[in-house]
Protein chains: 2
Amino acid sequence: MASHPLHLLVRKLEGGVQLDAEQRQAIYALPHMIRATPAGTYLLREGDPPTICAVLVTGYALRHKITRHGVRQIVSLQIPGEALDFQHLSLHTADHNIQTLTQADLALVPMQAVHDLAARHPAIADAILRHVQIEASIAREWMVNIGRRTARERLAHLLCEFACRLDAQGLVNGEGYELPMTQEQIGDALGLTSVHVNRSIRALEEEGLITRARRVISFPDIQRLRSVADFNDLYLHLRRQD
Amino acid sequence: MASHPLHLLVRKLEGGVQLDAEQRQAIYALPHMIRATPAGTYLLREGDPPTICAVLVTGYALRHKITRHGVRQIVSLQIPGEALDFQHLSLHTADHNIQTLTQADLALVPMQAVHDLAARHPAIADAILRHVQIEASIAREWMVNIGRRTARERLAHLLCEFACRLDAQGLVNGEGYELPMTQEQIGDALGLTSVHVNRSIRALEEEGLITRARRVISFPDIQRLRSVADFNDLYLHLRRQD
DNA sequence: CGTGCCCTTGATGCAAGTCAAGTTCCGTGG
DNA sequence: CCACGGAACTTGACTTGCATCAAGGGCACG
């Protein structure tokens, strides 16, 4: 079943809650359409009613909000296996925008089917709740990052988080990974300008904390980077006991 | 039943999901102990296992995290009627600290009892999920606030949010309300220093956007304040259709 | 072989931080 | 009822991290 489009979602949900074969099967049996979307596609806009639940099969997505002055804040990054619309399961209006970051393949599941599934399987309802709670935990850590760390620390923290999350989904092979974001997007995620992101990246590079080849970033000394970032992965709740 | 300690929680849960008399009754029947706590009491610490679910009956609480450098970021404010530990219902380790902001009365409910209640009543499970999702939505708006607004805007936004939330719980009587925080705590919530919070408060005051008498703040021109804050209450999901 | 996005770098400005010294407000005990 | 002590608030002088403005430079793609 490793090639089923919802495999990574199941993997993620099982990371926190024990599911039996029947429950796994019920998830795989969810009605869904696969849709390939180009980078930058809006999947949901603030104010819209969420009617379908998109799951990232491949590619990346982000959540963002825009202020009256037209400035953007990215409030979340999503990686393969994550459900983009669990955040709205019991709400009737979207409070933020969801957009693909890269070319992406989505599994589109009717929201009602997710509701029904959760109602039939308490363990799945629990796994969904856990999924939502972990996103909330990540949001809290981002607040700390944006509110209380320097540009260099914020950047290091983002890199550590991305590494951990990709690794947990089995998406890291070598030493580093591709961070598929422009420096402007990184700035929007960290509450900085692209110019300052650029200077901060180069500073980390000169310190030998990261190396870059295009957008592929590697970490010669991950321990030191974590220390700079004040990174503690507890908030990601990667282990079932967390 | 207006005087039942869990009345405000029921009110809050009913704000989003229709509950019938039996479900309401089941919530009121939750086993609980009432405990009065002084200001500043830690209710849960990062890394601890959450075993009880505290509900604020009176008084205020906050969630915060502390960086390696000892700087604090408040990531959430909680008002009467809010459950402090729904955030951890299906997690095994707390990822942040919870502390009372003022003297407070808590209803302490065993976590297991909440679990059982949700398992028996899908509508209540749904209401809990909604409660968690709304907190996540508030967290996203705070990221925007901290990351992309000026000190003056951040402060105005916090004041508007607090006004709306108190009002939704029926806790506002006159023109203004008491904001029971020191300027240092406000700074910790907004990613600012207390000195700068002070200057920003006085700037709002001089502009005629707020008036103060001790910690009671009033808003002579709430529309203008909202406009300054770029405040749109959609993210609070106060109406059932949201 | 342009043309348009990114990335890079320099010069300059400003919002917010830091440091430090009062001042006001209150609770408490004499 | 008043004096004292401590926490919170206020204000000024100075510093700094990041923003802004502006001008290249590289490289992918049609």
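Given the structure is predicted, the values throughout are model-derived calculations rather than measurements. Every chain is numbered from 1 and lettered A, B, ... according to where its sequence line falls, protein lines coming before strand lines.
- Checked against dG10(C), dC6(C), dC18(D), the side chain of T182(A) finds its nearest nucleotide in dC6(C).
- Remark: Q185(A) is not in phosphate contact with dC6(C), judged by side-chain N or O atoms under 4.0 Å from OP1 or OP2.
- Listed candidates were dT18(C), dA28(D), dT9(C). Nearest to the side chain of R214(A) is dA28(D).
- The side chain of R154(B) places no N or O atom within less than 4.0 Å of a non-bridging phosphate oxygen (OP1 or OP2) of dA15(C).
- In this structure, CG of D188(A) is placed 12 Å from P of dC6(C), rounded to the nearest angstrom.
- Residue T150(A) is in sugar-phosphate contact alone, with no base atom involved, counting any heavy-atom pair closer than 4.0 Å across all strands shown.
- Q183(B) places its CD atom 16 Å from the C1' atom of dA16(C), with the value rounded to the nearest Å.
- Residue contacts for G187(B): at a heavy-atom cut-off of 4.0 Å it reaches no nucleic acid atom on any strand shown.
- Under the salt bridge (Lys or Arg N to Asp or Glu O under 4.0 Å) test applied with E135(B), the options R165(B), R140(B), R63(B), R130(B) reduce to a single match, R63(B).
- Between I186(A) atom CD1 and dC5(C) atom P there is a gap of 19 Å when expressed in whole angstrom units.
- The separation between L155(B) atom CG and dC9(D) atom P is 13 Å, rounded to whole Å.
- Paired with L204(A) under the rule side chain to side chain contact (heavy atoms under 4.5 Å, CB included), one option of I217(A), T211(A), L209(A) passes, and it is L209(A).
- When rounded to the nearest whole Å, the span between CG of L190(B) and P of dG17(C) equals 10 Å.
- What separates CD1 of I146(B) from P of dC18(D) is a distance of 15 Å, to the nearest Å.
- The side chain of R202(A) lies closest to dT8(C), out of dG10(C), dT8(C), dA16(C).
- Using a 4.5 Å cut-off on side-chain heavy atoms (C-beta onward), H96(B) and V144(A) make no contact.
- Phosphate proximity of dA13(D) to R199(B): absent, as no side-chain N or O sits under 4.0 Å from OP1 or OP2.
- Atom CD of E153(B) is separated from atom P of dA15(C) by 12 Å (rounded to the nearest Å).
- Here R215(A) does not reach the OP1 or OP2 of dC6(C): none of its side-chain N or O atoms lies under 4.0 Å away.
- Contact annotation: N198(A) side-chain N/O to dT8(C) OP1/OP2 distance is under 4.0 Å.
- Note: Y177(B) and F219(B) have tilted aromatic rings, judged against thresholds of 30 and 60 degrees for the angle between ring planes.
- Contact check, T193(B) against dA16(C): no side-chain N or O comes under 4.0 Å of OP1 or OP2.
- Ion pairing of E141(A) with R149(A) is present here, as a side-chain N (NZ or NE/NH1/NH2) and a carboxylate O approach within less than 4.0 Å.
- You'll find that the side chain of R212(A) is closest to dT8(C), out of dA16(C), dT8(C), dC9(D).
- dA15(C) atom P lies 17 Å from atom NE2 of H196(A), rounded to whole Å.
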